[in-house]
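Data block below; observations after.
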Amino acid sequence: MSYFDKILIANRGEIARRIIRTCKRLKIRTVAVYSEADMDAPFVEEADEAVCIGPAQVKKSYLDIEKVIQVAKETEANAIHPGYGFLSENPRFVRRCEEEGIVFIGPDARTIELMGSKIEARRQMQQAGVPVVPGWDGKIDSVTEALSIADQLGYPLMLKASAGGGGIGMQVIHNPDELQKAFASTMQRAQSYFGDGTLFLEKWISGPRHIEVQVACDAYGHAVHLFERECSVQRRNQKVVEESPSPFLDEETRAKLLETALRGARHIGYSNVGTMEFIFDENRNFYFLEMNTRLQVEHPVTEEITGLDLVELQIRLAAKEKLPFQQEEIRKTGHAIECRLYAEDPKTFFPSPGVLKRLALPKEEVRLDFGVIEGSTVTPFYDPMIGKIITHGRDRSDAIHKMEKALEQIAVEGLTTNVSLLQKIVQDKDFRDGHYTTRFLEKLLV
Ligand code: ADP
Ligand code: ADP
Ligand code: MG
């Protein structure tokens with residue numbers, strides 16, 4: 001079977017390497033694009049071809065749509081894999097690919113646009129009968145308007161950027177005073193990060209759990225789920241440890257959640273691999289948060305328990321193949337956990353770029369998705385994630401045990417990492433009991 005002869009990877013780091021790995025197995029040639037700051041990065045070496053597209057600043061390289069398109073044309077790539085972050089959820093980029101007859105490995109531009117706006121996504125899901133976090137369904141233009149809406153909704157609230165991502169552009173609001181203070185700055189932040197200052201308000205869910213559902217849909221209306229991922233261990237509203245299955249769900253709630261996620265994905269005619277994110281409140285009610293129309297950072301935990309290759313699935317679906325399985329054929333085995341190793345201070349979470357003078361990694365019973373090798377530089381220009389450590393066990397305690405052993409064997413010199421925090425997490429009693437919410441790290445660090 002042949003899908004594409006050559007795929008350009010519009011990304012960097014661990015995800016670029018991850019995509020190259022699958023392409024090699026499928027005998028698809030790869031083109032890497034890289035910035036001057038990534039000249040010596042392993043993914044540049046590992047791709048069949050590599051083209052420098054500009055300086056370190058993302059706007060002048062990884063986010064430069066025309067440059068990426070130009071390289072795809074010059075190297076005669078038939079498809080582009082966007083990875084996560086960067087251009088992966090940019091409808092303008094997808095349209096440019098379509099215009100040039102290059103296949104974008106992901107859903108179509110319309111779907112990405114719909115789900116890229118959290119306000120629009122909420123509307124769509126409500127139409128589908130998917131519960132959304134109680135909140136305001138329009139954009140809020142002024143602080144006066146915000147105050148009056150907040151009054152109707154009741155505090156505490158979450159002020160959010162409609163175009164937000166990566167945990168950026170949201171703020172918990174407890175009273176009118178805080179709203180008054182935060183409104184302009186949150187809008188400004190959203191404008192500068194996402195080029196869109198549109199804000200809305202949601203009820204703040206206390207003691208919440210973040211549980212998401214991996215879906216895969218083909219272009220012929222067939223949709224399946226690949227179970228859930230528990231992502232409640234977070235700092236700055238961004239995930240640090242993920243696992244599947246979720247220790248929180250009973251079979252009945254799980255079935256309801258998976259079915260609801262599929263209903264939402266079907267309603268928007270979703271095609272390719274995607275993630276429906278939900279938040280659970282203390283009473284086990286769940287609400288749609290947002291949909292990520294791309295491969296997720298934490299996709300390896302799903303791969304481990306299902307034995308599937310999600311990058312291969314993305315490629316096949318983008319090549320307009322039918323889903324190669326029915327729901328009943330997808331089985332899960334055991335339990336998987338992923339820890340994100342960051343070059344950052346384990347207490348303040350402040351990035352700590354530098355040269356990896358030493359990087360010793362575990363060798364057995366562990367999957368390592370790393371963007372760097374010993375001697376590599378973690379630059380201040382991009383996300384400071386060094387790599388992901390993934391273990392798969394026959395059950396949750398086995399996966400935790402393997403993770404504990406793996407973390408012990410990690411030794412890094414040259415920069416500060418969060419490895420001590422990861423160790424603390426997997427050794428914590430509440431974590432081990434599966435009793436944790438998104439506020440877990442806050443409590444662990446006191
Ligand atoms: P996931 O939900 O896959 O775990 P994260 O929220 O951790 O995703 O973000 C994945 C990566 O993409 C990170 O590098 C993050 O900084 C980046 N990212 C996510 N959303 C955006 C966005 N809207 N704009 C720019 N970067 C983003
Ligand atoms: P992003 O696009 O940045 O990933 P999300 O809407 O997915 O934004 O939210 C990221 C995280 O922020 C969630 O996993 C959760 O921990 C927290 N969060 C978001 N909305 C709420 C809310 N209404 N109440 C409580 N926590 C929230
Ligand atoms: Mg999210």
Side-chain angles (χ1 to χ4, degrees), residues 84-86 88-90 112 114-125 130-137 140 149-150 153-174 178-179 182 186 189-190 192-196 198-215 228-243 246 248 257 261 264 274-299 340 349 383 385 436-443:
Y84 54 71
F86 295 136
S88 63
E89 292 173 282
N90 185 319
I112 294 177
L114 277 182
M115 294 300 108
S117 153
K118 290 189 184 182
I119 293 176
E120 187 54 40
R122 285 169 58 87
R123 285 200 197 117
Q124 292 289 329
M125 290 307 143
V130 171
V132 303
V133 183
W136 184 253
D137 286 308
I140 303 173
I149 293 163
L153 293 172
Y155 296 88
L157 291 163
M158 189 69 115
L159 179 64
K160 269 188 170 176
S162 183
I168 299 159
M170 69 180 89
Q171 174 97 39
V172 187
I173 306 284
H174 298 93
E178 284 184 14
L179 184 53
T186 308
R189 208 165 144 79
S192 78
Y193 268 94
F194 310 113
D196 178 353
T198 308
L199 301 183
F200 71 108
L201 279 164
E202 255 177 25
K203 287 291 278 184
W204 180 69
I205 308 288
S206 72
R209 307 210 38 147
H210 172 123
I211 305 178
E212 58 189 32
V213 179
Q214 179 71 59
V215 298
E228 80 279 6
R229 286 185 293 257
E230 165 72 63
C231 308
S232 299
V233 179
Q234 303 185 347
R235 56 111 177 76
R236 291 203 190 118
N237 302 313
Q238 201 187 30
K239 303 148 190 170
V240 181
V241 176
E242 304 96 344
E243 59 179 312
S246 164
F248 177 76
L257 174 73
T275 297
M276 295 274 289
E277 295 191 333
F278 294 88
I279 193 164
F280 277 70
D281 69 13
E282 284 162 320
N283 302 317
R284 288 180 180 261
N285 299 309
F286 61 81
Y287 309 94
F288 170 80
L289 259 186
E290 64 156 345
M291 182 174 202
N292 292 325
T293 53
R294 54 166 165 91
L295 190 67
Q296 206 92 344
V297 176
E298 57 277 17
H299 74 278
R340 300 191 191 185
F349 310 128
D383 191 86
M385 190 168 77
Y436 61 88
T437 72
T438 60
R439 310 186 71 188
F440 170 74
L441 278 192
E442 238 172 85
K443 290 182 189 154

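Ligands are counted one by one from 1 in listed order, and the atoms in each one are counted from 1 as well.
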Between Glu212 and Lys239, does any NZ, NE, NH1 or NH2 come within less than 4.0 Å of an OD or OE carboxylate oxygen? yes
So the atoms of ligand 2 within less than 4.0 Å of a heavy atom of Thr438 turn out to be 16 (O)
One residue to check: Lys239. Relative to ligand 2, which of side chain, backbone, both or neither has a non-hydrogen atom less than 4.0 Å away? neither
Examine the side chains of Glu298 and Gln214 and answer whether a donor and an acceptor come within less than 3.5 Å of each other. no
Does Arg209 make a cation-pi contact with Phe440, if we ask for NZ or CZ under 6.0 Å from the ring centre and within 45° of the axis? no
Ionic contact status for Arg122 with Asp137, cut-off 4.0 Å: yes
With side-chain contact (heavy atoms from CB on, under 4.5 Å) as the test, pick out the partner of Met276 among Glu290, Met115, Met125, Glu228. Met125
Polar contact flag, side-chain donor to acceptor under 3.5 angstrom, Asn292-Tyr84: no
Ligand 2 atoms nearer than 4.0 angstrom to some heavy atom of Gly165 are 1 (P), 2 (O), 3 (O)
Quiz question: by atom type and distance under 3.5 Å, do the side chains of Arg229 and Thr275 form a donor-acceptor pair? yes
Can you tell me which N/O/S atom of Glu277 has the shortest distance to the Mg ion (ligand 3)? OE1
Do ligand 2 and Ile279 have nitrogen or oxygen atoms that lie under 3.5 Å from each other? no
Taking only non-hydrogen atoms of His210 and a 4.0 Å limit, the atoms of ligand 2 in range are 13 (C), 14 (O)
At a non-hydrogen distance cut-off of under 4.0 Å, which region of Lys160 contacts ligand 2 (side chain, backbone, both, or neither)? side chain
Taking 4.0 angstrom as the limit, do Arg340 and Glu242 come out as a salt bridge? yes
N or O pair under 3.5 Å between Pro208 and ligand 2: no
Using heavy atoms and a threshold below 4.0 Å, how should the contact between Asn292 and ligand 2 be classified: side chain, backbone, both, or neither? neither
Should you measure from each heavy atom of Asn237, which atoms of ligand 2 turn up under 4.0 Å away? 10 (C), 11 (C), 12 (O), 17 (C)
Atom name, Glu290 (N, O or S, nearest to the Mg ion (ligand 3)): OE2
Side-chain H-bond candidate by donor/acceptor type, Gln234 with Ser232, under 3.5 Å: no
Examine the proximity of ligand 2 to Leu289 and report which part, side chain or backbone, both or neither, has a heavy atom under 4.0 Å away. side chain
Decide whether the shortest distance between a heavy atom of Lys203 and an atom of ligand 2 is less than 4.0 Å. yes
